[in-house]
Amino acid sequence: MKVIEKIREAEAENRVVFSFEFFPPKTDDGVDNLFDRMDRMVQHNPSFCDITWGAGGTTADLTLDIANKMQNMICVETMMHLTCTNMPVEKIDHALDTIKANGIQNVLALRGDPPHGQDKFVQIEGGFACALDLVKHMRGKYGDYFGITVAGYPEAHPEVIDSSGVATLEAYQSDLAYLKKKVDAGADLIVTQLFYDTDIFLKFVNDCRQIGITCPIVPGIMPIGNYKGFMRMIGFCKTRIPAELTAALEPIKDNEEAVKKFGIDFGTEMCKKILAHGIKQLHLYTLNMDKSALAILQNLGLIDEAKISRPLPWRRPTNIYRVKEDVRPIFWANRPKSYLTRTIGWDQYPHGRWSDSGNPSYGALTDYQFMRPRSRDKKLQEEWAVPLKSVEDIHERFAQFCLGKLKSSPWSELDGLQPETKIINEQLENINLKGFLTINSQPAVNGEKSDSPSVGWGGPGGYVYQKAYLEFFCSQDQLTALLGKCKDFPSLTYLAVDKKGNSMSNVAPTDVNAVTWGVFPAKEIIQPTIVDPASFKVWKDEAFEIWTKVWAHMYPEDDSSKSLLEKIQSSYFLVSLVDNDYINGDLFAAFKEL
Ligand code: FAD
């Protein structure tokens, strides 16, 4: 979706929106960490996140790759910066075609700074002279597909700010007139250069309105994080600093903590003043750090750690080709990125009902599904690569995870447990210690408010429901014993399969079971999670592979722990169990005396 449309929607509801800017890190570890951080920040529902284009095009491939992952794996509306420096039109088009193919719709169109070592921007052969050219090109070649944002400079562009630190009135006005040209050529949004004097920004907005610029002008806020970085940045951008800011910073400049705290307070006050003037968008330059940006938003009451709301039980995609998707099999609940990659080739995504999906063919399992960021690998190694003398040691790992004592699981891409797991974690511990090794679960819910912090989704005003669900590995004997008991629990339906594909079930292959649904004002029933026997067959390969590709893989070749895990992989069953009686059922009762 175009950012401008999101902003217009929010304006109509009188809602304040915020966004985060990131830049491409220099190392692979840095990139991993950035995605982890972004993933956490995106839970707070920014209207978009943007990723910069390295000076002179130095990060072109990385920026393209990060933008793609932001839109399609992190599932946040992504705006990619694109500059004209060293970019003949073919390269510009390559970048635009790539992001278009990846379902990204938003670009911050920039001229860029002169390449390193040059004072003045020089148009290269076959390239563009300024952002205006780029905007015109984008509209000419790509029509209405892209939402186009351009840069605005409340203090005028640094090139026209002279040694006195201020642009002449003439230069300022010429800059404004040029900004209007960019908007008239098709830009639909302006994001500003950083500033620390809020009055300058407010005057700039007013001046823009006077000359007929009507699109939203989003203030770029850079929280002061450390003194040296701040001085470098304001020097580079020639930013004016209010006297009270200098006076407050000077005495604490060597105390990093104090500077950070001051930066949060100062940023909060700037934003308060901006919001008080009726501006409803804030853009935070995060410098790839989360704390200051989140603290400012928290101070403003725009986010609340305790009230992270989920539009669906899983994060809704933003890619324009799958934005309507609202039904998924429950099996990948803890592995959303794997699900996204395995279904990336679908030309239709289930909407409303699972059976609407005309394309049930999942992409093949590749090594990609088992790759994890380094930081997560380290955590798994610490928590799971322990000596395993017997199956009881394995039971213990699973039980510890369900109690929240381990933060990682080979079967999960998420950090720790979902909040709803706390409702049943002691029962989960109990069955795990008996050898029913759970990798997915949900408690029964019968009409809880949709803004419940533990089980809610879909925003306030509705009610949510779910059937109790368990998914686990167990031995053949345990499965036989459990199925024997299931006869006394007619509300249970199950699917069971081993690695080779031997299977049992008490449902038909085409029986799709909605296990989560919600009722909202003026909407049809939404049923975002289902159990589908056909998808279970696909999922089981991934679930079994994790025993060896992720867990056993962490041990040396001849380690006995490794062979124990391999034995389990080849002999156990994977079981998906639903209690269809979400009102009176007790799924765990079936495990008593086993
Ligand atoms: P333009 O809009 O083309 O303007 C540049 C200057 O030239 C202005 O003073 C303008 O008034 C003047 N000008 C140009 N053409 C005309 C004309 N025909 N008539 C009159 N005046 C004219 N840099 C990066 O390398 N990567 C990034 O990701 C990046 N992100 C940024 C994000 C924001 C929000 C901002 C504010 C800046 C960003 N920059 C980035 C820096 C930016 O590339 C530089 O400031 C660059 O020098 C100008 O880019 P621009 O798009 O503003 O240029």
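Residue indices begin at 1 and follow the sequence shown. What's counted below: heavy atoms across the whole structure, side chains too, no hydrogens, waters or symmetry copies. Both counts, for ligands and for their atoms, begin at 1 and track the order of listing.
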Discussion item. Applying the salt bridge (charged side-chain N to carboxylate O under 4.0 Å, His left out) criterion to Asp39, which one of Lys69, Lys337, Arg376 satisfies it?
Written reply: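 Exactly one option meets the salt bridge (charged side-chain N to carboxylate O under 4.0 Å, His left out) with Asp39, and it is Lys337.
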Identity and distance of the protein heavy atom lying nearest [atom]:
{"atom": "atom 34 (C) of ligand 1", "value": "Tyr285 OH, 3.3 Å"}
{"atom": "atom 52 (O) of ligand 1", "value": "Tyr153 OH, 2.6 Å"}
{"atom": "atom 25 (O) of ligand 1", "value": "Trp53 O, 3.5 Å"}
{"atom": "atom 4 (O) of ligand 1", "value": "Tyr178 CE2, 3.4 Å"}
{"atom": "atom 43 (O) of ligand 1", "value": "Gly112 CA, 3.0 Å"}
{"atom": "atom 23 (N) of ligand 1", "value": "Thr83 CG2, 4.3 Å"}
{"atom": "atom 44 (C) of ligand 1", "value": "Asp113 OD1, 3.2 Å"}

Discussion item. At under 4.0 Å between heavy atoms, is it the side chain or the backbone of Leu179 that contacts ligand 1, or both, or neither?
Written reply: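 Near ligand 1, Leu179 shows nothing, with every heavy atom at 4.0 Å or more.
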Item to complete: Of the side chain and backbone of Asp175, name the one, both, or neither that has a heavy atom under 4.0 Å from an atom of ligand 1.
Response: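 Near ligand 1, Asp175 shows its backbone as well as its side chain.
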Worksheet item: Heavy-atom count around Asp61 CG within 6.0 Å, excluding the residue itself: above 12?
Response: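 Count not over threshold, so no.
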Fill in: Distance-only N or O hit between ligand 1 and Ala131, under 3.5 Å
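Yes - when backbone and side-chain N and O of Ala131 are compared with those of ligand 1, one distance drops under 3.5 Å.
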Fill in: Main-chain N/O of Thr318 paired with Gln71 side-chain donor or acceptor, under 3.5 Å
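Checked: pair present.
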Worksheet entry | Ring centers of Tyr339, Trp314 separated by less than 6.0 Å |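 No, the ring centres sit 6.0 Å or more apart.
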Discussion item. Check for me whether the distance between the ring centres of Trp457 and Phe520 falls short of 6.0 Å.
Written reply: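 Yes - the distance between ring centres of Trp457 and Phe520 falls below the 6.0 Å cut-off.
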Of the listed options ([options]), which comes nearest to [atom] when hydrogens are ignored and any heavy atom counts?
{"atom": "atom 36 (C) of ligand 1", "options": "Ala171, Pro114, Ala151", "result": "Ala151"}
{"atom": "atom 30 (N) of ligand 1", "options": "His81, Met80, His283, Glu159", "result": "His81"}
{"atom": "atom 53 (O) of ligand 1", "options": "Lys182, Lys181, Arg111", "result": "Arg111"}
{"atom": "atom 38 (C) of ligand 1", "options": "Leu110, Ile190, Asp50, Ile51", "result": "Leu110"}

Item to complete: With heavy atoms of Thr52 as the reference, note each atom of ligand 1 found under 4.0 Å away.
Response: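 By the 4.0 Å cutoff, the relevant atoms are 28 (O).
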Worksheet item: Leu108 heavy atoms, cut-off 4.0 Å: which ligand 1 atoms fall inside?
Response: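 Checking each atom against Leu108, I get 32 (C).
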Practice prompt. Show your working on ring pair (Phe, Tyr, Trp, His ring centres under 6.0 Å) between His283 and Phe48 and close with a plain yes or no.
Written response: CA-CA 9 Å; His283 184 65; Phe48 69 94; 5.5 Å; yes
Practice prompt. Walk me through it: do Arg374 and Asp29 pass the test salt bridge (charged side-chain N to carboxylate O under 4.0 Å, His left out)?
Written response: CA-CA 7 Å; Arg374 258 159 274 240; Asp29 275 353; 2.7 Å; yes
Salt bridge or not between [X] and [Y]? Use side-chain N to carboxylate O under 4.0 Å.
{"X": "Lys141", "Y": "Asp93", "value": "yes"}
{"X": "Asp144", "Y": "Lys2", "value": "yes"}
{"X": "Arg342", "Y": "Glu542", "value": "yes"}

Discussion item. Tell me whether Phe121 reaches ligand 1 (any heavy atom closer than 4.0 angstrom to a ligand atom).
Written reply: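 Contact check Phe121 vs ligand 1: negative.
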Discussion item. Check the orientation of Phe195 and Phe201. Use parallel for under 30°, tilted for 30 to 60°, and perpendicular for over 60°.
Written reply: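 Taking Phe201 first and then Phe195, their aromatic rings lie parallel (interplane angle under 30°).
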